[in-house]
Amino acid sequence: MRIMKKIYYLFMSMTVILLAACSQDEMEQVKEGTLPELRVMVNHPSSISTRATVNDVTTSFESGDKIGVFVINSSGDMMKKNVAYEYDGTKWNLVDSSNKVYYSSNCSYYAYYPYVEKEDEDDWYYLINSYMDAAPTEFFSTFISSWEPLLDQSTLANFNASDLMIGKGIDNSETASVSFTMDHQMGLVRMSYYDWESDEIISDISSMGSWSYFYNEEEEEGSCPIPYNTGEYYYYITKPGTRFEFWCWNNSFYSYEQFYVDVDEDKGFITNKIIYPTY
């Protein structure tokens, strides 16, 4: 019986030593760069039906777009934070070659768009909930709640810079790659303009510039929401489940009139609004 116990304890001791050795070996591989460098692939959430109908605004990533990537190990330690990857129109490339990310099946990978560069990178420790296998909405929960879309979304660049998306990586050990399928975290308002004289919705608003029609001279400049004009609709990204208030030009009174939209609570979905300027 004593011999069996000795054999058991010897076996357990050797197992612990071997596990520790493997863990140490993997750490040394990371330090030496012998682990494969991570390959990143990112899928735009254009498959969401309500957003897929938005064919007059971008529904795919464009050259120059950037994401931020985080790496969490099995102990919940943040191995990498806010590592920038940039899209060149074909693939995603590491921006800073000195800040390489290595592939390991023992890590979780998270990404968000658009990339935000913070003056103090330690701020990220307060904006994310880092632990292995967290859902992306939980991992980025504080970051999502603190996100503020830009007031001026009159340009496509500002519009896209307001469209917060997040995702958790699906890893592939054979290719040392991680694939992120991003999900919208904001709501989208789509506005059409009704004309009383013609008694119909104006189908071509390309001449009705956002800064001319969405502005209030009585308010401080920069405090009024300005949407993106696609020529058919005005689009504005805002937080879901909130009331979006704006001022729009009234052709009858030659002044700005205040309107509001109760934005759908579902993230990534469209809330439609017809703007009826009154007499």
Side-chain angles (χ1 to χ4, degrees), residues 42 44-45 48 50-51 54 57-59 61-62 64-70 81-84 110-130 134-167 180 182-191 210-211 213-216 218-230 233-248 256 258-271 273:
V42 188
H44 194 283
I48 300 178
T50 51
R51 278 291 180 97
V54 185
V57 295
T58 181
T59 54
F61 290 112
E62 298 181 345
D65 283 343
K66 294 180 183 178
I67 61 170
V69 173
F70 295 79
K81 63 177 183 292
N82 202 34
V83 179
Y110 298 87
Y112 75 94
Y113 169 90
Y115 178 77
V116 177
E117 186 173 359
K118 293 190 172 294
E119 292 184 8
D120 186 354
E121 285 296 304
D122 287 339
D123 288 347
W124 284 109
Y125 288 105
Y126 305 102
L127 289 172
I128 61 175
N129 301 311
S130 59
T137 51
E138 189 170 1
F139 184 84
F140 287 112
S141 60
T142 305
F143 181 51
I144 296 169
S145 62
S146 64
W147 182 262
E148 292 295 338
L150 296 174
L151 278 172
D152 179 8
Q153 298 180 22
S154 59
T155 65
L156 185 58
N158 281 6
F159 178 84
N160 288 333
S162 301
D163 193 11
L164 178 63
M165 308 180 203
I166 63 171
F180 298 98
M182 309 300 276
D183 290 318
H184 291 290
Q185 296 304 300
M186 296 292 106
L188 180 64
V189 178
R190 177 168 61 189
M191 296 169 280
S210 294
W211 270 95
Y213 275 77
F214 289 79
Y215 177 73
N216 187 352
E218 296 180 0
E219 297 292 324
E220 182 180 352
E221 185 173 347
S223 64
C224 300
I226 311 294
Y228 179 64
N229 184 341
T230 65
Y233 298 103
Y234 295 106
Y235 285 101
Y236 195 84
I237 292 171
T238 187
K239 291 192 172 185
T242 60
R243 173 163 287 190
F244 167 52
E245 298 181 354
F246 60 96
W247 289 264
C248 189
Y256 291 93
Q258 188 172 18
F259 297 86
Y260 69 86
V261 183
D262 288 323
V263 184
D264 195 294
E265 293 183 355
D266 292 325
K267 298 175 181 179
F269 284 81
I270 294 175
T271 302
K273 173 71 175 180

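In this chain, residues are counted from 1 in sequence order.
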CD on E62 to NE2 on H44, rounded to 0.5 Å = 9.0 Å
All side-chain hydrogen bond (donor to acceptor under 3.5 Å, both in side chains) counterparts of D262, not counting sequence neighbours = R243
Give, for atom CG of N160 and atom CD1 of I237, the distance between the pair rounded to the nearest 0.5 Å.
-> 7.0 Å
Examine distances only and state if a side-chain atom of D264 and a backbone atom of F269 form a donor-acceptor pair shorter than 3.5 Å.
-> no
Exceeds 12 heavy-atom contacts within 6.0 angstrom, atom CD of Q258 = yes
Less than 4.5 Å apart, any side-chain heavy atom of I128 and any of T142?
-> no
Below 4.5 Å, heavy atoms only, C-beta onward: do Q153 and S162 meet side chain to side chain?
-> yes
Can you tell if the side chain of E148 reaches within under 4.5 Å of the side chain of K239, non-hydrogen atoms only?
-> yes
Checking ring pair (Phe, Tyr, Trp, His ring centres under 6.0 Å) against W124, which of F143, F139, Y110, F140 comes through?
-> F143
Would you indicate whether the side-chain heavy atoms of T230 and Y235 approach each other to under 4.5 Å?
-> yes
Under 3.5 Å, is there a donor-acceptor pair between the N82 and Y112 side chains?
-> yes
Please lay out, stage by stage, how Q185 and W147 fare under the test side-chain contact (heavy atoms from CB on, under 4.5 Å).
-> CA-CA 10 Å; Q185 296 304 300; W147 182 262; over 6 Å; no
Between L151 and I226, does a side-chain contact (heavy atoms from CB on, under 4.5 Å) hold up when you go through it step by step?
-> CA-CA 6 Å; L151 278 172; I226 311 294; over 6 Å; no
Y113-F61 aromatic ring centre distance below 6.0 Å = yes
Test L188 against T271 for side-chain contact (heavy atoms from CB on, under 4.5 Å), laying out the working first.
-> CA-CA 6 Å; L188 180 64; T271 302; over 6 Å; no
With F259 via ring-ring contact (aromatic ring centres under 6.0 Å, His included) - residues at least two apart | F246
State yes or no: are the ring centers of Y236 and Y228 separated by less than 6.0 Å?
-> no
OH on Y126 to OG on S146, rounded to 0.5 Å = 14.5 Å
Which atom names give the shortest non-hydrogen contact between M182 and M165, and what distance separates them?
-> CE-O, 3.6 Å
Ring center gap for F244 and Y260 short of 6.0 angstrom | no
Lys/Arg cation over aromatic Y233: R190, 6.0 Å, 45° cone | yes
Non-hydrogen side-chain atoms of S210 and Y234 separated by less than 4.5 Å = yes
Applying side-chain contact (heavy atoms from CB on, under 4.5 Å), run through N129 and S141 and close with a yes or a no.
-> CA-CA 7 Å; N129 301 311; S141 60; 2.7 Å; yes
Is any side-chain heavy atom of D65 closer than 4.5 Å to a side-chain heavy atom of Y115?
-> no
Could you tell me whether the side chain of H184 reaches within less than 4.5 Å of the side chain of D163, counting heavy atoms only?
-> yes
Heavy-atom distance under 4.5 Å between the side chains of I166 and I144, does that happen here?
-> yes
Of all heavy-atom pairs linking T238 and T242, the shortest is OG1-OG1, 4.1 Å
Over 12 non-hydrogen atoms of neighbours within 6.0 angstrom of CD in E245 | yes
Of the non-hydrogen atoms in P225 and F214, which two are nearest, and what is the gap between them?
-> O-CB, 3.9 Å
